[in-house]
Protein chains: 2
Amino acid sequence: MSDPARSPARQRRKEARPQELTAAALSLFVEKGFAATRLDDIAERAGVSKGTLYLYFDSKDALFKAVIQEGIVPALHAGEALLDEYDDPLALLRAILLGWWERIGSTELGGIPKLMMSEARNFPDIAVYYQQEVIQRGTALLRKAVARGIERGVFREVDPEAICSVLIAPLVYRAMWLHSFGPCCGQETDVAQYLHTYFDLVLNGLLAPAPSGDAR
Amino acid sequence: MSDPARSPARQRRKEARPQELTAAALSLFVEKGFAATRLDDIAERAGVSKGTLYLYFDSKDALFKAVIQEGIVPALHAGEALLDEYDDPLALLRAILLGWWERIGSTELGGIPKLMMSEARNFPDIAVYYQQEVIQRGTALLRKAVARGIERGVFREVDPEAICSVLIAPLVYRAMWLHSFGPCCGQETDVAQYLHTYFDLVLNGLLAPAPSGDAR
DNA sequence: TAAGTTACTAACTGGTCAGTCATTAAAACG
DNA sequence: CGTTTTAATGACTGACCAGTTAGTAACTTA
């Protein structure tokens, strides 16, 4: 009677489970939202039963918290390392923004901003954590790049704090789009074209007028 | 036994109910998300019982649809009227973007983009409607303003399609912020300062180099 | 003011889902 | 190989909530 093809032998893989569960949870939370996602569905996507999920996470809330923390923390260090890698402010700024798009915006992690924004008011403590550990730190990084550019006369004098939000908004907005309207509505314009136009606008908006006599 | 102060006399106000219910629903949907909002809470906020809600809307889904449609449609016409009011492309662009902020972004309606983005994949048909009737139409309006500017040599040559997303993103992003992290986390920078920096950046990025000999 | 109409209510129901627990079977060990 | 340990299961439960309905009270009309 038993059909091993239908119900494959249960596997014991204690190490890999949390990873697999948070990955499944991330994609479903981003797709449906926290409240509308059933734990049974998360477990099924991770290839386990709901009971197993409770071996690794205390509650649905705890799983949410883990999804946010695990997804974001590793991505932050990469960005902060860029400050020392690049000297030229313009190249640094491009590296930060493009790097964000390539490492986060265009990957599964790009759903986290949408998820976090949707659920911020249902999880105020996690929202505060995210705001401090992700947004503030990311903004600080950007601000240093902008400040360096202003310092050296490469960028015009602008309010560094406000400009950071304005700079990152089109990228985050685009990432959110991919996880919301993207799958429903007709295909958006080409990403490469979008990024090109974006840089074209903000860099033209930021760059100081060429010093007189500068060939380019 | 009855205490009229605790349970005020029931009122019969057929005309006003739908309005009041969609307004209550909008603010709760934006705050908690669709799935996490209870119809009892919406009814309570509107000062009626849940049964009354079902006199005016067939289902929770129907209420959601009404919230989106009622909130957005009126706001669109105002924007489209601007095309004829302004001739100067720069003034037109400012009027559109600032007008959006004042009529939508900074009001209760500013929660709709957050709500719609959060729920797009749970309501694909409404997402398509919103995309076509709101986003497409709004983008078309912006595009005309940009095209007019390029035509007359006031703006540089840029890809009109892509630039529209880039232009609107900081405003929508900011509106979403107000309805997500805003209430949880420390106050953001001043809105006026933000808008000023935003215009400073994008207009500098858009404007064509002053024709030689032009004093300003 | 009595009868009729309808906006509104509150208690109820059935389905859904987060969280639990007794049982099963895969590994580990002697 | 027999025993112990523990990862994993799936059936169960209690709370919650969308949607229903029988009944109530506010207006209308004669």
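Just so we're clear, the structure is a prediction, and the values are computed from it rather than from any experiment. Reckoned from all heavy atoms, side chains included, excluding hydrogens, waters and symmetry mates. Numbered from 1 within each chain, the chains take letters A, B, ... in sequence-line order.
- One side chain, B:Gln193 or B:Thr197, offers a donor N or O that lies under 3.5 Å from an acceptor on the other.
- Within the structure, every side-chain polar atom (N or O) of B:Arg10 is placed at least 4.0 Å from both OP1 and OP2 of C:dA10.
- Only one option out of B:Leu142, B:Val146, B:Ile168 pairs with B:Ile96 in a side chain to side chain contact (heavy atoms under 4.5 Å, CB included); it is B:Leu142.
- Using modelled atom types, one side-chain atom of B:Tyr198 and one backbone atom of B:Leu167 make a donor-acceptor pair closer than 3.5 Å.
- For B:Lys60, counting side-chain heavy atoms from C-beta on, the closest listed nucleotide (C:dC8, D:dG19, C:dA18) is D:dG19.
- Not one N or O on the side chain of A:Glu70 forms a donor-acceptor pair closer than 3.5 Å with the backbone of A:Thr22.
- Judged by atom type and distance alone, B:Lys50 reaches the base of D:dG19 through a side-chain donor-acceptor pair under 3.5 Å.
- The CD atom of A:Gln11 sits 13 Å away from the C1' atom of C:dA27 (whole-angstrom rounding).
- Judged by closest nucleotide on DNA chain D, B:Gly51 is the one of B:Arg12 and B:Gly51 placed further toward the 5' end.
- If you take CG of B:Leu53 and P of C:dT9, they are 11 Å apart, rounded to a whole angstrom.
- Computed from coordinates, the A:Leu55 CG to C:dC21 P distance equals 13 Å when rounded to whole Å.
- Residue B:Leu39 is in sugar-phosphate contact alone, with no base atom involved, counting any heavy-atom pair closer than 4.0 Å across all strands shown.
- Atoms CD (B:Glu15) and P (D:dA26) sit 19 Å apart, rounded to a whole Å.
- For the pair B:Glu44 CD and C:dT9 P, the interatomic distance rounds to 12 Å; values are reported in whole Å.
- Using a 4.0 Å heavy-atom distance criterion, A:Tyr56 is classed as a sugar-phosphate-only contact.
- As a whole-Å value, the separation of B:Glu20 CD from C:dA7 P is 15 Å.
- Rounded to a whole Å, the CG atom of B:Asp40 is 9 Å from the C1' atom of D:dA18.
- Counting distance only, with no hydrogens placed and no angle test, the side-chain atoms of A:Arg38 and the base atoms of C:dT16 include no donor-acceptor pair under 3.5 Å.
- OP1 or OP2 of D:dT9 sits under 4.0 Å from a side-chain N or O of A:Thr52.
- As a whole-Å value, the separation of A:Leu21 CG from D:dA7 C1' is 13 Å.
- Taking the centre of each ring, B:Phe123 and B:Tyr130 stay at or above the 6.0 Å mark.
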